[in-house]
Amino acid sequence: MQTIQTIAELIETLALWRRENSGRVLALVPTMGYLHPGHLSLLAAARHRADAVLVSLFVNPRQFNDPEDYRRYPIDLEQDTRLCRDAGVDFLFVPESQEMYPQDAPELQIDIPELTNRLEGLYRPGHMQGVLLICARLFALIRPDLAFFGKKDYQQLVLIQHLVSLLNFPLQIVGCETIRSERGLALSSRNVRLSEKALEHALLIRRSLLILEKEIHEGEKNAATLKEIGKDIMESGSLNRVEYISVASRDRLDELVNLTAGESILVSTAVFTDGVRLIDNIEVTVP
Ligand code: AMP
């Protein structure tokens, strides 16, 4: 595995790889590091589908709306390097912030307001725009054939799919299932900040989503009622800072009022426990 720190080295390395591997498939897996089995599932899927895998590891300051969250974001480059090597990654791109955002360059902004002004974007102003910007830069620089994203960050996945289609990046986006702990908690780099007790409370997130799925399968069609049920379950179990529960269409993330038979929907939520913000979601098809 080759570790690359600068854009110049990245361009040179990929040019060489392309000269020697004409027609071969290159996959990109963008991450912010502190890798866990959720990330590793993306690496495995990429390894399976592509001839070469490039992992980017960059804690992107532009996607943090909370400076404290950025400051506290966990980093372990040594362990990440080992995990990537073990996963058969070919290139590990670990740029400095200055490399991705040169101080003297004019500021570029990318937005798809119809999709960023909702769900996560509503509660984390600027976050989705930061994600769009870094992904667009990585796609333009690396020109991968495939890029892998987790469904845990569902809005991110939908946005990136639209970004690729709106800017005609010649690239296929692959969405991967959420990897969970044995007890159902969606894995996240931020989980290391949770106490034993908070980890226990956090299990209610998945349980509530499963109950909402069951309610929908049993015929509940009113989104407000579903949100109320979800909130009650979480709040009765010590998760008393439910930021939102959303019942939305899956392709455009439009908030729904009533569910229609056959509709593909996404039920998602953001919850605070121990001061850590956790998100999760479930895909449901309305019967
Ligand atoms: P992050 O390092 O948090 O920016 O995540 C990098 C990629 O890994 C994103 O596409 C995430 O959606 C994905 N990811 C994070 N956690 C999980 C998980 N538990 N299961 C599947 N994918 C995940």
Side-chain angles (χ1 to χ4, degrees), residues 27-49 53-66 69-70 72-77 79-81 83-84 87 89 92-95 97 100 119-121 124 127-139 142 144 146-164 171-194 199 202-203 205-206 209 253 266 268-271 276-283:
L28 167 67
V29 185
T31 81
M32 297 206 299
Y34 212 76
L35 304 181
H36 53 65
H39 297 110
L40 299 185
S41 75
L42 267 52
L43 301 191
R47 185 68 280 167
H48 186 69
R49 294 271 306 269
V53 178
L54 189 156
V55 173
S56 64
L57 203 159
F58 178 58
V59 183
N60 175 27
R62 290 280 288 268
Q63 73 186 70
F64 283 82
N65 54 307
D66 173 1
D69 189 30
Y70 178 59
R72 293 179 63 198
Y73 203 82
I75 294 176
D76 189 342
L77 183 56
Q79 168 153 304
D80 287 347
T81 304
L83 289 170
C84 284
V89 169
L92 180 60
F93 179 46
V94 196
S97 188
M100 297 312 280
L119 293 172
E120 287 297 284
R124 301 186 65 193
H127 165 66
M128 287 297 163
Q129 290 82 352
V131 169
L132 285 170
L133 180 64
I134 193 68
C135 288
R137 284 217 73 190
L138 290 171
F139 295 163
I142 295 162
L146 303 168
F148 292 74
F149 290 85
K151 288 188 183 177
K152 179 182 161 269
D153 302 280
Y154 209 96
Q155 184 176 15
Q156 169 172 291
L157 171 64
V158 172
L159 266 166
I160 298 297
Q161 276 161 339
H162 283 278
L163 174 79
V164 163
L171 146 73
Q172 188 193 338
I173 299 299
V174 184
C176 301
E177 295 305 321
T178 301
I179 303 298
R180 301 171 180 284
S181 71
E182 244 168 60
R183 299 176 73 195
L185 179 64
L187 298 185
S188 160
S189 305
R190 289 184 180 86
N191 290 359
V192 292
R193 292 199 217 141
L194 298 176
L199 275 171
L203 295 176
I205 302 172
R206 170 71 169 165
L209 291 174
L253 304 175
L266 182 79
S268 59
T269 186
V271 178
V276 179
R277 190 172 181 280
L278 301 174
I279 57 170
D280 202 352
N281 64 71
I282 191 164
E283 294 173 307

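Atoms within each ligand, like the ligands themselves, are counted from 1 in listed order. Remember, it's a predicted structure, so these values are computed and weren't measured experimentally.
Here I134 contributes atom CD1 and F58 contributes atom CZ; the two are 5.0 Å apart, rounded to the nearest 0.5 Å. Of the inter-residue distances, the one linking H127 atom NE2 with Q155 atom CD reads 7.5 Å to the nearest 0.5 angstrom.
The side chain to side chain contact (heavy atoms under 4.5 Å, CB included) test with F148 singles out one residue from V29, I173, L28, V55, and that residue is V29. For the salt bridge (Lys or Arg N to Asp or Glu O under 4.0 Å) criterion with D280, the lone passing option out of R206, R180, K152 is R180.
When hydrogens are left out, the protein atom nearest atom 6 (C) of ligand 1 is P30 O, 3.4 Å; that is the closest non-hydrogen contact. Summary of contacts: the protein heavy atom closest to atom 16 (N) of ligand 1 is H36 CE1, 3.3 Å. The protein heavy-atom contact nearest to atom 9 (C) of ligand 1 is Q156 NE2, 3.7 Å. G150 CA, 3.5 Å is the protein heavy atom nearest to atom 22 (N) of ligand 1.
For a threshold of 3.5 Å applied to N or O pairs, the pair formed by I179 and ligand 1 contains at least one separation below that value. Annotation: H39 places an N or O atom under 3.5 Å from an N or O atom of ligand 1; distance criterion only.
The closest approach between any non-hydrogen atom of R180 and ligand 1 is not below 4.0 Å.
Here the shortest heavy-atom distance to atom 3 (O) of ligand 1, taken over Y34, Y73, F58, belongs to Y73.
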With side-chain contact (heavy atoms from CB on, under 4.5 Å) as the test, would you mind laying out the steps for L77 and T81 before giving the verdict? CA-CA 6 Å; L77 183 56; T81 304; 3.9 Å; yes
The test is side-chain contact (heavy atoms from CB on, under 4.5 Å); show your working for V131 and L159 and say whether it passes. CA-CA 9 Å; V131 169; L159 266 166; over 6 Å; no
Check the pair N65, E120 against side-chain contact (heavy atoms from CB on, under 4.5 Å), reporting the backbone distance first and the verdict last. CA-CA 11 Å; N65 54 307; E120 287 297 284; over 6 Å; no
Going through the checks in order, is the side-chain contact (heavy atoms from CB on, under 4.5 Å) test met by V89 and L83? CA-CA 9 Å; V89 169; L83 289 170; over 6 Å; no
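Interface of L42 with ligand 1, defined as ligand atoms under 4.0 Å from a residue heavy atom, comprises 7 (C), 8 (O), 10 (O), 13 (C), 22 (N). Below 4.0 Å from some heavy atom of K152 lie the following atoms of ligand 1, by number and element: 16 (N), 17 (C), 19 (N). Shown in contact with D153 at under 4.0 Å from a heavy atom are these atoms of ligand 1, numbered in order with element: 11 (C), 12 (O). The contact set between ligand 1 and F149, taken as ligand atoms under 4.0 Å from a residue heavy atom, comprises 10 (O). Close contacts of ligand 1 with L187, meaning ligand atoms under 4.0 Å from a residue heavy atom, involve 16 (N), 17 (C), 18 (C), 19 (N). Of all atoms in ligand 1, listed by their number and element, those nearer than 4.0 Å to a heavy atom of T31 are 2 (O), 6 (C).
With a 4.0 Å cut-off on non-hydrogen atoms, E177 touches ligand 1 through its backbone and not its side chain. If you look at V29 next to ligand 1, there are no close heavy atoms at all, none under 4.0 Å. Contact annotation for M32 and ligand 1: heavy atoms of both the backbone and the side chain come within less than 4.0 Å of the ligand. Under 4.0 angstrom from ligand 1, there are no non-hydrogen atoms of K151.
Between D66 and R72 there is no salt bridge, since no side-chain nitrogen of the basic residue lies less than 4.0 Å from a carboxylate oxygen of the acidic one.
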Enumerate, atom names and distances included, each donor-acceptor pair closer than 3.5 Å involving a side-chain atom of residues 32-46, sequence neighbours excluded.
unit_1: H36; atom_1: ND1; unit_2: G38; atom_2: N; d: 2.9
unit_1: H39; atom_1: ND1; unit_2: H36; atom_2: N; d: 3.0
unit_1: S41; atom_1: OG; unit_2: G38; atom_2: O; d: 2.7

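Panel note: side chain D69, backbone F64; no donor-acceptor pair is recorded below 3.5 Å.
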